[in-house]
Amino acid sequence: MTSDIRVTNGQRLRRTCADGQRDSDFFCPENSGFYPHERSCDRYYSCENGTATEKVCGNGLVFDDADSTRENCAYPFTVNCGERTELEPPISTANCPRLYGIFSDPRNCRVFYSCWNGEGSRYECPPGLAYDADQRVCVWADLVDRCDQLEVAEGFVCPDPAEVDQPGHYTRHAHPTDCRKFYVCIESVARPYGCSLGTVFNVDTLQCDEPENVAGWYVHLPTVYTSCLLLYSL
């Protein structure tokens, strides 16, 4: 998305500031094409029949100068702006710091918004994962600094390894209320996992198993394993 700033006749575009000082001169290298602004990454020049027009990308996008025959505004993480460091001031809407872009939810590290023309589409990472704004993917929540302990593992705290009789570098622990879920503790950091539909976590083998192989799993109904009762009564 772009907006025009000014059109002049001839090959040279001259902008004038409010104080009357000349801001910049631009000569079209070719009769037609699209060329980057000298200092701004979201402004560029469009040349057509020797006439230069200064344009601005949609708020949050920057001009991709990889191909002068293409008029392309793209997400900043896909473009190397180099010394073109200036940007237009942000135009914000609900959940969108700029009109275009992908933005984290400051209140929930699992949630992010994809904004297009100021309209934000909400997305949420699966349980145990959080949105990494640098990689722009969902990763383990404990790897995202802005996540607190409650968001990392639903508040579950790993027990002292000295008190757990499990060999290896990690330990497994049943979820307190859901028989399909369990936690894996690695260096005292809990990460939630879940058994596939139709299976439950076996606290004896520390593996996902068929319900009939888990001795007494039904005994805890309807308090601890209420979700299992609903699952297996279908």
Side-chain angles (χ1 to χ4, degrees), residues 75-78 92 94-98 101-115 120-234:
Y75 289 129
F77 55 80
T78 67
S92 302
N95 302 312
C96 299
R98 288 182 179 267
I102 303 174
F103 306 100
S104 304
D105 187 327
R107 302 170 298 275
N108 188 334
C109 69
R110 289 177 54 190
V111 175
F112 62 98
Y113 293 88
S114 178
C115 297
S121 297
R122 185 181 186 276
Y123 297 90
E124 184 169 349
C125 297
L129 304 184
Y131 180 67
D132 186 323
D134 294 328
Q135 301 182 66
R136 297 172 299 281
V137 295
C138 294
V139 300
W140 288 114
D142 62 273
L143 301 178
V144 179
D145 292 338
R146 63 192 185 90
C147 292
D148 58 29
Q149 181 61 36
L150 182 60
E151 293 173 305
V152 168
E154 302 170 326
F156 181 83
V157 178
C158 292
D160 187 336
E163 300 176 356
V164 180
D165 184 20
Q166 294 185 29
H169 299 289
Y170 62 88
T171 58
R172 296 186 178 189
H173 309 274
H175 190 282
T177 61
D178 192 324
C179 64
R180 286 182 56 204
K181 295 181 179 179
F182 61 97
Y183 297 100
V184 174
C185 288
I186 304 174
E187 297 182 349
S188 298
V189 175
R191 291 178 173 176
Y193 285 79
C195 297
S196 60
L197 189 65
T199 62
V200 296
F201 182 69
N202 189 325
V203 296
D204 294 324
T205 64
L206 303 177
Q207 302 288 334
C208 293
D209 205 343
E210 298 296 328
E212 57 268 24
N213 297 331
V214 181
W217 74 272
Y218 52 86
V219 174
H220 301 283
L221 296 174
T223 55
V224 176
Y225 290 151
T226 301
S227 61
C228 292
L229 175 63
L230 297 176
L231 174 64
Y232 294 110
S233 62
L234 297 179

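Both backbone and side-chain heavy atoms feed into the values below; hydrogens, waters and symmetry mates do not.
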Which atoms form the tightest heavy-atom contact between Ala141 and Ala130, and what is the distance?
CA-CB, 3.8 Å
In Å, rounded to the nearest 0.5 Å, how long is the span from OG of Ser188 to CG of Asp142?
11.5 Å
side-chain contact (heavy atoms from CB on, under 4.5 Å) with His175: which of Phe201, Phe156, Tyr183, Tyr193?
Tyr183
What is the distance from atom OG of Ser196 to atom CZ of Arg180, rounded to the nearest 0.5 Å?
7.0 Å
Taking atom OH of Tyr75 as the centre, report whether more than 12 heavy atoms of other residues, nucleotides or ligands fall under 6.0 Å from it.
yes
Run the ring-centre check on Phe112 versus Tyr123 and record whether the distance is less than 6.0 Å.
yes
Arg146 to Pro106 - nearest heavy-atom pair and separation
NH1-CA, 4.4 Å
Within the side chain of Arg136, is there an N or O that forms a donor-acceptor pair under 3.5 Å with the backbone of Asp134?
yes
What are the two closest heavy atoms between Tyr131 and Val144, and how far apart are they?
O-CG1, 3.9 Å
May I have the step-by-step check of side chain to side chain contact (heavy atoms under 4.5 Å, CB included) for Asp105 and Arg110, ending in yes or no?
CA-CA 8 Å; Asp105 187 327; Arg110 289 177 54 190; over 6 Å; no
Working for side chain to side chain contact (heavy atoms under 4.5 Å, CB included), residues Arg191 and Leu143
CA-CA 11 Å; Arg191 291 178 173 176; Leu143 301 178; 3.9 Å; yes
If you look at every heavy atom in Val184 and Arg172, which pair is closest and at what distance?
CG2-CG, 4.1 Å
Answer yes or no: is there a side-chain heavy-atom contact under 4.5 Å between His173 and Cys185?
yes
Verify side chain to side chain contact (heavy atoms under 4.5 Å, CB included) between Trp140 and Val189, making sure each step is shown before the conclusion.
CA-CA 11 Å; Trp140 288 114; Val189 175; over 6 Å; no
Search all heavy atoms of Cys195 against all heavy atoms of Phe182 and return the closest pair with its distance.
SG-CE2, 4.0 Å
Looking at Ala174 and Val203, what are the two nearest heavy atoms and their distance?
CB-CG1, 3.8 Å
As an exercise, state the distance from SG of Cys109 to CD of Glu124, rounded to the nearest 0.5 Å.
10.0 Å
Rounded to the nearest 0.5 Å, how far apart are SG of Cys147 and CG of Leu129?
10.0 Å
Can you tell me how far CG of Asn202 sits from CD of Glu210, rounded to the nearest 0.5 angstrom?
11.0 Å
For the CG atom of Asp132 and the CD atom of Gln135, what is their distance to the nearest 0.5 Å?
4.5 Å
Hey, mind stepping through Phe103 and Asn95 against side chain to side chain contact (heavy atoms under 4.5 Å, CB included) and telling me if it holds?
CA-CA 8 Å; Phe103 306 100; Asn95 302 312; over 6 Å; no
Take a 6.0 Å sphere around CG of Asp145 and say whether it holds more than 12 heavy atoms from other residues, nucleotides or ligands.
no
